[in-house]
Chemist: 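Supplied in structure tokens, the structure appears directly below.
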There are 2 protein chains.
Amino acid sequence: MEKHRSAPTLDDVAKMADVSTATVSRCLNSPDRVVEATRKRVLTAIETLGYTPNFAARVMAVKRSFTIGAIIPTMENAIFARGLQSFQEELHQRGYTLLVSSSAYKPEIEEEQIRTLIARGADGLLLIGHDRDPKIYDFLSQRKIPALVAWSYLPDSKLPSIGFDNRAAMFDLASHVIGLGHTQIGVISGLVDGNDRARLRVQGIRDAVSSSGLEAGNLTLVETSYEIENGAKAFRDLMNADPPPTAILCGNDVLAAGALRQAQEMGLDVPGHVSITGFDDIELARIVSPALTTVHVPHREMGRKAALQLVEMVENQTAGTGEQLSTRIVNRPSLGKPALG
Amino acid sequence: MEKHRSAPTLDDVAKMADVSTATVSRCLNSPDRVVEATRKRVLTAIETLGYTPNFAARVMAVKRSFTIGAIIPTMENAIFARGLQSFQEELHQRGYTLLVSSSAYKPEIEEEQIRTLIARGADGLLLIGHDRDPKIYDFLSQRKIPALVAWSYLPDSKLPSIGFDNRAAMFDLASHVIGLGHTQIGVISGLVDGNDRARLRVQGIRDAVSSSGLEAGNLTLVETSYEIENGAKAFRDLMNADPPPTAILCGNDVLAAGALRQAQEMGLDVPGHVSITGFDDIELARIVSPALTTVHVPHREMGRKAALQLVEMVENQTAGTGEQLSTRIVNRPSLGKPALG
DNA sequence: TTGTATGCGTTATCAG
DNA sequence: CTGATAACGCATACAA
């Protein structure tokens, strides 16, 4: 009968090196506090045994997990991938591990994930956007869990945030589009319920429309979930309006890519017949043809800074200041002047 | 001075409900073993205290973490996203949490991640592809950690695998391309070192070339890492050959998208001047224009089945049988007959 | 510099 | 049906 060999423990190492468990522990955590000779002995014991510290035990002992949790709306497209990648790289450098889960844009799932992550001992949390049940904020503050919001900056929010001004970014883009002479504006927005980024982007468009003297009636809007197919379908619907829009502003690049594809299937030239813009500036925006005019979001910078700030909050028990990042319009061929009427 | 309120424990609940910790624990884990009245009392105590079980403590006690770790080469593009999503959905349904980390296609990072995940008590591991240092396999089997490989099926491998035959899939596609009359074949492959999928795909092309009577000289190959820009650059290089290829087979859709973009920038019609194919059939393949002929990989099915099998391996201490999934060629406009020559 | 002893929050065994 | 109590593996205050 074979002996079931489970993971070696501190005790096994201690026995083999003929020291106490405390010494072994010290060898790992403060090597300078143990003399060269014994340390060497311990280290070889660790090596030959293939010892790895048991994480759960360590967490229990130090009451810190060196784990940061992040909950993003979706992993299915690249919107959050790049930012998260740099977030995790930065965390890794500081000795933290990232735990990611996705909520599928569902508030109740996000809430469950938050609890799971906390139960797992996450030292801090990264959340996307500000819209959520107030009781979650209460829970977080009661438990004193440092949390940071990304992808949306608001100056006076419950949680500090690192991100950009979604309203202003879209306001600028919409103003630019209107400045080119477009008067019939179509909008393909993501679902705004529970999604402040989507809501603020729409608001930015509305503000641009009214501040440039256009009527609200010049604006038609379709709201749909962020999937390429939905972008295509929304485009079809919008183009049925009379008069049809000459420019369609999409809530993100994924929707814009769907709209673009649909335009091509309908034989409509972009931007000759209709202009299309995106938001995010993910790789997709450069790949489609014509490439998308879009709003560039500094994903990597956002991820990196979020990591730095969150670690700071965790380690020094500080509140976190947040930071507003700036976006910029990237002009590409999908946007042009409207055809002469 | 404010009192530092940390998470309530089993003990707090027990006190409030005036029972022992054992009873509280039972209420959570085997509710039927405690009588209605006390259970209700305990449950309300849990509710009012906002109690959440401490994960680390639970792990220590049961020596199971209900956590599955997955290490994927990259999170930056959608290649693994969809499969991982269904993997995690299925795991979630069975009460497991997924821990993801990415290795950036670097073997040494993958190894480190494996150790981290195991130290964190992962009950099982999902790895991508078969190529890795043998000592990792030894480590895994010594520690008796169930592990499963995905994205590449091999019948006789160290670890059971759920995936497809990369060689055969690419063989079929290449044969199809050659069948259309192409004789000058260009290949843009991912880096094959440490990547059996990439290696086998190239092998499939070579086999197709030789079995269809073409000379090896009809095939030119560029090897590069999986990034869009590199696909573009490789395309440029390949088209410098004399004679230039009439069809370019790419190791995945990302490289193909890069090649496609480059073709457009060079004013070359696809497929009129040169055909381009991808591999994976991620969303990108349908978005670019012309849409890519590619090999469809059943990502969702693969993820789901991997989850089922891995959980089975974990819970019943079984070895895992693996399963070969089938791929199919998806014909789209990026592939056509070669121009008459 | 090193060892001893204790606590971290749960589950599980064994009595009652 | 419920309550003590012993693990689980590690870190650390305190002693030596």
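Below, chains carry the letters A, B, ... as their sequence lines are ordered, and counting in each starts from 1.
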Chemist: With a cut-off of less than 4.0 Å, is there a side-chain N or O of A:Thr23 near OP1 or OP2 of C:dG3?
Modeler: yes

Chemist: Would you say C:dG9 has OP1 or OP2 under 4.0 Å from some side-chain N or O of B:Thr9?
Modeler: no

Chemist: For A:Glu36 and B:Leu28, find the nucleotide of DNA chain C closest to each by heavy atoms; which residue's nucleotide sits nearer the 5' end?
Modeler: A:Glu36

Chemist: Just how far, in rounded Å, is C1' of D:dA11 from CZ of A:Phe55?
Modeler: 14 Å

Chemist: Give the rounded distance in Å between these two atoms: NZ of A:Lys15 and P of C:dT2.
Modeler: 19 Å

Chemist: Any carboxylate oxygen within less than 4.0 angstrom of a Lys/Arg side-chain nitrogen, looking at B:Arg304 and B:Glu301?
Modeler: no

Chemist: From CE of A:Met60 over to C1' of C:dT10, roughly how many Å is that when rounded to an integer?
Modeler: 7 Å

Chemist: As a test of reading the structure: which of C:dT11, C:dG7, D:dA4 is closest to the side chain of A:Ala61, going by heavy atoms?
Modeler: C:dG7

Chemist: Can you tell me the distance, in whole Å, between the CZ atom of A:Arg41 and the P atom of C:dT2?
Modeler: 8 Å

Chemist: Where the side chain of B:Val34 is defined as all heavy atoms beyond and including C-beta, which of D:dT2, C:dT11, D:dG3 is the nearest nucleotide?
Modeler: D:dT2

Chemist: Can you identify which nucleotide, out of C:dG3, D:dG9, C:dT11, has its nearest atom closest to the B:Lys63 side chain?
Modeler: D:dG9

Chemist: Could you tell me whether the phosphate oxygens of C:dT2, OP1 or OP2, come under 4.0 Å of any side-chain nitrogen or oxygen in A:Thr38?
Modeler: yes

Chemist: Out of D:dG3, D:dC10, C:dG3, which has the shortest distance to the side chain of A:Asn54?
Modeler: D:dC10

Chemist: Kindly point out which of C:dT13, D:dA11, C:dG3 is positioned nearest to the side chain of B:Arg26?
Modeler: C:dT13

Chemist: The side chain of A:Val35 is closest to which nucleotide in this list: C:dT11, D:dG9, C:dT2?
Modeler: C:dT2

Chemist: Just compare D:dG9, D:dT12, D:dG3 and give me whichever is closest to any side-chain atom of A:Val62.
Modeler: D:dT12

Chemist: Considering only side-chain heavy atoms of A:Arg33, which listed nucleotide, C:dT2, D:dA4, C:dC8, is closest?
Modeler: C:dT2

Chemist: Taking B:Phe55's backbone N and O only, do any of them form a donor-acceptor pair with A:Arg120's side chain (distance below 3.5 Å, no angle check)?
Modeler: no

Chemist: What is the distance, rounded to the nearest whole Å, between atom CG of A:Leu10 and atom P of C:dT4?
Modeler: 14 Å

Chemist: Any ion pair linking B:Glu36 and B:Lys40 (charged N to carboxylate O, less than 4.0 Å)?
Modeler: no

Chemist: Please determine if a side-chain N or O atom of B:Asn29 lies less than 4.0 Å away from the OP1 or OP2 oxygen of C:dT11.
Modeler: yes

Chemist: Any donor-acceptor pair under 3.5 Å linking the side-chain atoms of B:Glu312 with those of B:Asn316?
Modeler: yes

Chemist: Measure CZ/B:Arg58 against P/C:dT11 and give the value in whole Å, please.
Modeler: 5 Å

Chemist: Rounded to whole Å, please give me the gap between CZ in A:Phe66 and P in D:dA11.
Modeler: 11 Å

Chemist: Determine the contact category for A:Val24: base if any of its heavy atoms lies under 4.0 Å from a base atom, sugar-phosphate if only primed atoms, P, OP1 or OP2 are that close, otherwise nothing.
Modeler: nothing

Chemist: Can you check whether A:Thr9 reaches A:Thr21 side chain to side chain, under 4.5 Å on heavy atoms?
Modeler: no

Chemist: May I have the distance from B:Asp11 (atom CG) to D:dG3 (atom P), rounded to whole angstrom?
Modeler: 13 Å

Chemist: With side-chain contact (heavy atoms from CB on, under 4.5 Å) as the test, pick out the partner of B:Leu99 among A:Val100, A:Leu99, A:Thr97.
Modeler: A:Leu99

Chemist: Within the structure, does a side-chain N or O atom of A:Ser20 lie under 4.0 Å from either OP1 or OP2 of C:dT2?
Modeler: no

Chemist: Could you check whether A:Val59 gets within reach of a base, just the sugar-phosphate, or nothing at all, counting any heavy atom under 4.0 Å?
Modeler: nothing

